[in-house]
Amino acid sequence: MKMPEEKIIIQAKRKKKLGKLTGLLRELGFTKVKTVGNDIVAEKLLGESLSGKQALVDYRIIFGKSSIEFQFSIPQKESKKKRMLTLFPIFLNAALLAEDEYEIKVSTIFNQVSSFLSDISKVIDKDTVDLASELNELKNKYDDLSKKYAELVRSSEENARLLLECERRRDELHQRTHNLEKLSDEALKEELYKWVRVHEGSINLEEFCKAYGMPTKRAEEGLEMLVREGYIKKRSE
C-alpha cells in the first residue's frame, strides 16, 4: 500500500551543468542518485514493498531546470509536522550542495521555512502548555502519595512496635501462668495457708489470684486440699 506523499518546491534557476552534485548527494546518504532527462533525482529508499517488485521511497529530491522539488512520504501513525521536522534539514542541506549549480530564490525558501515554523510553534505552544499542566498535576499527585506513604510507614512502624510489645507481655504472662500452674500441691497449700494466717483466717480468692497471677480454679483446688487435710475449716454461712 502506497503511503501518502507531500512535496515542497523552491524556485531555483539552473546556471550550469550538474557535474559534481551527483557525488555530493551520495555522500549525503541518498540510496540512489540518477539522471532522468536533464534532471537529477536523488532518492532515499526504505526497502522493498510487500510485493517485492518496487522499492519504497522514503523521500526524494528532483533537481530540475527551474526548481528544486522535495517529495516525501508520510508513514501511518506519524503526523506531517513531525515528518517535516525530521526531513526539512535534509532538504536544506541538499539545496545548499547545489548552490554552485543554481541561483536559488531566497524568498521561496524563507516562505517555506516561515510557514513551517509557524505551524510547529502553534503545536509546540499547545503541547508545552498541556504537558506543563499534566506534569504539575502528576507532581501534586506524587507529593500527596509520598506524604501518605510516609504516614503509612510511620503508622506501620508504630503498629509493629506495639505488636512486639504485646507479644512480649503475652509471652511473659503465659510463662508466669505456666509456672504457677506447675506449682506443686504442697507449695500451693503452703502459700494459701500463709495467706490465711496473715489475713486472720480469711481469704479473698480474687486478691490472692491477682497477687500470684494464678487462675482462680487452681487456687480453689488448693483450698479444697487444705480443708480435706484439716488445716483450715470452711466458715458456716
Side-chain angles (χ1 to χ4, degrees), residues 1-139 142:
M1 181 177 179
K2 189 176 180 181
M3 292 182 288
E5 287 188 348
E6 292 287 338
K7 64 175 64 177
I8 299 173
I9 301 175
I10 60 175
Q11 296 178 22
K13 183 179 179 181
R14 188 185 300 167
K15 56 185 180 180
K16 62 181 181 179
K17 291 183 178 181
L18 303 178
K20 62 179 181 178
L21 183 59
T22 300
L24 294 174
L25 290 172
R26 288 196 177 95
E27 292 178 4
L28 192 60
F30 286 92
T31 310
K32 182 187 295 186
V33 180
K34 58 186 178 180
T35 301
V36 180
N38 294 322
D39 301 338
I40 287 181
V41 179
E43 295 181 331
K44 177 68 173 179
L45 305 180
L46 289 173
E48 292 187 348
S49 63
L50 293 178
S51 64
K53 295 181 180 179
Q54 183 179 1
L56 297 176
V57 177
D58 188 13
Y59 53 85
R60 70 164 58 89
I61 301 179
I62 302 173
F63 293 87
K65 184 178 180 180
S66 57
S67 67
I68 300 175
E69 182 175 326
F70 184 44
Q71 301 174 354
F72 57 95
S73 60
I74 303 176
Q76 291 183 345
K77 299 182 180 179
E78 186 171 346
S79 68
K80 177 183 175 181
K81 291 182 177 63
K82 182 179 179 181
R83 188 76 167 137
M84 288 270 293
L85 191 62
T86 303
L87 298 181
F88 209 79
I90 297 174
F91 176 47
L92 293 179
N93 285 334
L96 183 63
L97 291 177
E99 63 180 350
D100 289 340
E101 287 84 2
Y102 281 90
E103 290 181 2
I104 299 175
K105 193 172 183 180
V106 178
S107 61
T108 57
I109 296 180
F110 176 80
N111 291 337
Q112 297 284 354
V113 173
S114 177
S115 176
F116 169 65
L117 292 178
S118 177
D119 289 343
I120 290 296
S121 66
K122 293 176 183 177
V123 175
I124 291 176
D125 288 345
K126 181 179 183 302
D127 288 347
T128 301
V129 171
D130 291 343
L131 287 173
S133 177
E134 184 177 350
L135 179 62
N136 188 58
E137 184 179 349
L138 288 174
K139 183 178 182 301
Y142 172 79

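Keep in mind that the numbers below use all heavy atoms, side chains included, and drop hydrogens, waters and symmetry copies.
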Approximate separation, where rounding is to 0.5 Å, of [X] [atom1] and [Y] [atom2]:
X: N93; Y: L24; atom1: CG; atom2: CG; result: 12.0 Å
X: K32; Y: L45; atom1: NZ; atom2: CG; result: 5.5 Å
X: Q11; Y: Y102; atom1: CD; atom2: OH; result: 13.5 Å

Within a strict 4.5 Å, meaning less than it, do heavy atoms of the [X] and [Y] side chains meet?
X: K16; Y: D100; answer: yes
X: Q71; Y: I62; answer: yes
X: V41; Y: R60; answer: yes
X: T31; Y: E43; answer: no
X: K20; Y: E101; answer: yes
X: I9; Y: I68; answer: no
X: L97; Y: E99; answer: no

Does atom NZ of K15 have more than 12 heavy-atom neighbours from other groups under 6.0 Å away?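 Yes - once you tally the heavy atoms of other residues, nucleotides and ligands closer than 6.0 Å, there are more than 12.
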
Provide the closest heavy-atom pair for [X] versus [Y] in the form atom of the first, atom of the second, distance.
X: A94; Y: I61; result: CB-CD1, 3.3 Å
X: G37; Y: T35; result: O-CG2, 3.3 Å
X: A42; Y: L25; result: CB-CD1, 3.9 Å
X: D39; Y: G64; result: OD1-CA, 3.3 Å
X: I90; Y: L28; result: O-CD2, 4.3 Å

Not counting sequence neighbours, which residues clear side chain to side chain contact (heavy atoms under 4.5 Å, CB included) with N38? List them please.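 N38 satisfies side chain to side chain contact (heavy atoms under 4.5 Å, CB included) with R14 only.
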
Are the side chain of S67 and the backbone N or O of F63 linked by a donor-acceptor pair below 3.5 Å?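 The answer is no, because no donor-acceptor pair under 3.5 Å joins these two groups.
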
Tell me whether the rings of F91 and F70 are parallel (<30°), tilted (30 to 60°) or perpendicular (>60°).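 Ring orientation, 0 to 90° scale: parallel.
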
Is it true that E103 and K13 make a salt bridge, defined as a side-chain N closer than 4.0 Å to a carboxylate O?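 Result for this pair is no, no salt bridge flagged.
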
F88 ring center near F72 ring center (under 6.0 Å):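 For F88 and F72, the ring centres are not under 6.0 Å apart.
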
